[in-house]
Number of protein chains: 2
Amino acid sequence: MPTMAREIHLLAYPAGEPQPGDFTLVERPLPEPRHGELLIRNQAISVDPYMRGKMTGKRTYTAPYELNAPMEGRAVGVVEVSRDPDFTEGTVVLHDAGWRDRAVVGSGHVRAINVIDAIPVTAHLGVLGMPGRTAYVGLFEKARMRGGESVFVSGAAGAVGGLVGQLARLRGASRVIGSAGSAEKVDYLVNELGFDAAFNYKDGPVVEQLSQLAPHGIDIYFDNVGGDHLEAAMAVANPFARFALCGAISGYNATEPQPGPRNMALIVTKRLMLQGFIVTDTSDATADFYREVAPAVADGRLKFRETVVEGLENAPEAFISMLRGANTGKMVVRVGT
Amino acid sequence: MPTMAREIHLLAYPAGEPQPGDFTLVERPLPEPRHGELLIRNQAISVDPYMRGKMTGKRTYTAPYELNAPMEGRAVGVVEVSRDPDFTEGTVVLHDAGWRDRAVVGSGHVRAINVIDAIPVTAHLGVLGMPGRTAYVGLFEKARMRGGESVFVSGAAGAVGGLVGQLARLRGASRVIGSAGSAEKVDYLVNELGFDAAFNYKDGPVVEQLSQLAPHGIDIYFDNVGGDHLEAAMAVANPFARFALCGAISGYNATEPQPGPRNMALIVTKRLMLQGFIVTDTSDATADFYREVAPAVADGRLKFRETVVEGLENAPEAFISMLRGANTGKMVVRVGT
């Protein structure tokens, strides 16, 4: 039975952009699994934008990471040792003991996944996991998107954004527009994911590019970015537009308060609705989500990509580069087999 | 039959704070009322914050005022000459040909009001009129305030804000907090309208004063002011707080774009909902509003004040001083008897 685990610990709360030196790789003895526990060998771990918010030492909607302790995060792995008769050894499971190669976890915090040949298990960290559910809940429950509406999503080449645009298409959006941070990503959005239009926000002011691509305005905005993207979406919004605010990655590494939109008065004159949300608040939609999304992923109607980084020791770099936008689709770190 | 009308015309779109010279008093011949028209002698006209938005020359949710023409606005008056058998002469009516002492109006745009001895007719411009309906719709339909919730309203000594606080009280708010711009208004809120707490926003940073008065946070914010008030409300808000955004008077005279809240990321982490609204979009609530509010006004459970300026020629000054916060309760201009 394996007795050691390799874990990534946080050494210091980063000021500004996280640095590799804020993290360290630690080798520690694994506890013996007790009754009701599983020893899991991780195959892949997730690095996600929300984790930056847990590296501030301040409580937001969730507790911060502790220093000098293994971080938590979504992971997919294989049960190596089971002390729960409901889990046979070899079962592929989803759990929250990420940022390490092995972990002992209470079986109540573990979910077996249905391995489908057409879908890699890492999809459960992305399109079929929390990012996918975020897209689904934000677009359909929070923004209440309906057929015939025009949809804009920022950070559209990311794990969440790419699915938002495709779900909008499937539900009959009149027009789907995305923003991303490179020409390659813009090409991916239009030519692979089927967006009607996309732009590189580094090419010029967001409001100008968005106005050009949305001559009839936008009815729905799914915000992953904040900052100038949110201001531009308010400027281009049609009356009664609905915004689902999911994240504001543009400000995650900021050390000073970021200026807000200068056009807040438009919220009144255009009767905009802005709804912030955290997907983990909503459990109701999970069944609907899975029923609608899993078959569409399996038969290729919903496309996704992963950016896979090899090796647990590279997880901090993967996380840092994800915040910079280096990924297309979900960023995952492969840590074992 | 009267043949002349005195009217206030807009001469120029003000840059910044409107000046008396942006307006002029014009005497013009009245047209002969034709079939289906009424000649109305105005008793009082309304000056409201939204009118500043119609003085910009740009279309927002409503058309701008034309230059060198009579402005529109709510008014209460008496039918002097009727060419519609449904309206007898002497009927007191509500209509939109304000900013003048007499007008000829199509009877389809006129509503007879039920004169109640206990309530002055000018109340139909305020607590029983559009400002009252704004308070009602914003608090109950948009912010969906429920009993037991903590409510903050800015501009609380104004026509809308004073009613918001009292309606919240009537529906069982756990705590009602208001902001206003003078010690006298703060006293009025607490000692006359029954707010639990109030502060003068000129006494210090809004966020500090609000935090002190709302030690358990706020669940509902009714925004008449924007700017630092909105930022403070976001800072003090509890998770899942709901904001009804009705106006942003702090920016109405601004010539430069106003900076937005620096804490927009809280919309996500606290899952805030911000809903802009314009009361004229909502007609459904009118009956409910009147049924609930009129008796409470008549029997004194809902209190209101009016700031009355005498004389049509003083309407521009009344409007300008209302934007500066000179009024307590509804600002009206008496133009006749």
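For clarity, every value in this text was computed on a predicted model and none was experimentally measured. Chain letters run A, B, ... following the sequence lines, proteins first and then strands; every chain starts at 1.
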Test applied, side-chain contact (heavy atoms from CB on, under 4.5 Å); reference residue, A/M264; option that passes from B/Q258, B/M264, B/E231
B/M264
For the CD atom on B/E66, are there more than 12 heavy atoms of other groups (residues, nucleotides or ligands in this structure) within a distance under 6.0 Å?
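Not more than 12 within 6.0 Å, no.
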Do other residues, nucleotides or ligands put more than 12 heavy atoms under 6.0 Å from the CD atom of B/E17?
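For B/E17, atom CD is crowded (more than 12 foreign heavy atoms under 6.0 Å).
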For chain A, the option from B/L266, B/L230, B/L272 that forms the most heavy-atom pairs under 4.5 Å:
B/L272
Over all heavy atoms of both residues, which pair between [X] and [Y] is shortest? Give the atoms and the distance, please.
{"X": "B/L245", "Y": "A/I267", "result": "CD2-CG2, 3.6 Å"}
{"X": "A/R262", "Y": "B/P259", "result": "CG-CA, 4.3 Å"}
{"X": "B/R271", "Y": "A/Q275", "result": "O-NE2, 3.6 Å"}

Report yes if some heavy atom in the side chain of A/D281 is under 4.5 Å from a heavy atom in the side chain of B/F240; otherwise report no.
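The answer is yes; the side chains approach within 4.5 Å.
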Most heavy-atom pairs under 4.5 angstrom with chain B, which of A/T269, A/D223, A/N263?
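Highest number of heavy-atom pairs under 4.5 Å: A/T269.
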